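Only one structure is covered here, and it is reproduced in the block below.
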Amino acid sequence: REIKRLVINVPPRSLKSVSVSVAFPAWCMGHDASLKFMCASYSEKLAFDLSMDTRRVMTDPWYKLCFPNTMIAEDQNEKSKFSTTKQGYRIATSVGGRATGMGGDFLVTDDASSPEDALSDTIREGHLRWHDNTWTSRLNNKNEGVMIVVGQRLHIRDLPGHLLAEGGWTYL
């Protein structure tokens, strides 16, 4: 957790979502099943698909062999949220979607905009307002919480461009 704010830009089809939105939360929760992740993507369907992929990894026999103390709770196992038996969780939402009342130790934004949405000033600026005003307020601990934004660059004023211009973000 040395890096608290990270922007990752890679081209499409580079396994960025698998690495950052699927494998990373599973790996972290394997080491500490009480960690809380909130993950957002430009569409609710994509967010749910990535959540289900993480859940599939965490319920696979090889994962259970590697991380025997991390188990998904049977009573909290949905597309939008699954929890561990140690009260950790992974919540999936869409950019602009509901985040009120929830919080995370890690906030992951994966593909904040679709290529089409990035061309619309109105939609793009709405995504930036959501990030700055809603999403960032969801960190459980403002000093220790981690925010990761991953995606391809789509516009000079897309979320990665906005954050890098703001400063304070590590760029990969």
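The shown structure was predicted, so the numbers you read here are calculated from the model rather than taken from an experiment.
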Without swapping roles, check the side chain of [X] against the backbone of [Y] for a donor-acceptor pair under 3.5 Å.
X    : Y    : value
S94  : A47  : no
K4   : G168 : no
R124 : D158 : no
Y63  : T70  : no
R90  : S21  : yes
R138 : M102 : yes
T109 : A112 : no
K142 : S137 : yes
D117 : S113 : no
T84  : G88  : yes

For [X] versus [Y], what's the shortest heavy-atom pair and its separation?
X    : Y    : value
G161 : R153 : CA-NH2, 3.3 Å
F82  : I72  : CD1-CD1, 3.9 Å
W27  : H31  : O-CD2, 3.0 Å
K36  : N140 : CD-ND2, 3.7 Å
G151 : D111 : CA-OD1, 3.5 Å
N133 : T136 : N-OG1, 4.4 Å

Could you tell me if the side chain of [Y] sits less than 4.5 Å from the side chain of [X], heavy atoms only?
X    : Y    : value
M71  : K86  : no
H131 : M147 : yes
I8   : K16  : no
P160 : N9   : yes
P25  : F106 : no
L128 : L159 : yes
S80  : F48  : yes
L50  : C39  : no

Please say yes or no: joined through hydrophobic side-chain contacts below 4.5 Å, possibly via intermediate residues, are [X] and [Y] part of one cluster?
X    : Y    : result
V22  : W62  : yes
L46  : M52  : no
V150 : L154 : no
I123 : L119 : no
V108 : I3   : yes

Quiz prompt | Transitive ILVMFWY cluster of V18, excluding itself - 4.5 Å side-chain cut-off | solution = L15

Measuring from [X]:[atom1] to [Y]:[atom2], what's the distance to the nearest 0.5 Å?
X    : Y    : atom1 : atom2 : value
D49  : E44  : CG    : CD    : 10.5 Å
L35  : M29  : CG    : CE    : 7.5 Å
I91  : S83  : CD1   : OG    : 7.5 Å
H162 : D132 : NE2   : CG    : 3.5 Å
R5   : L107 : CZ    : CG    : 8.0 Å
W135 : H127 : CH2   : NE2   : 13.0 Å

Quiz item: Are D60 and R56 within salt-bridge range, i.e. N to O under 4.0 Å?
Solution: no

Quiz item: What orientation do F24 and F37 show, parallel under 30°, tilted 30 to 60°, or perpendicular over 60°?
Solution: perpendicular

Practice problem: Tell me, yes or no, whether the heavy-atom count around I156 atom CD1, taken from other residues, nucleotides or ligands under 6.0 Å, exceeds 12. | Solution: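 No, not enclosed.
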
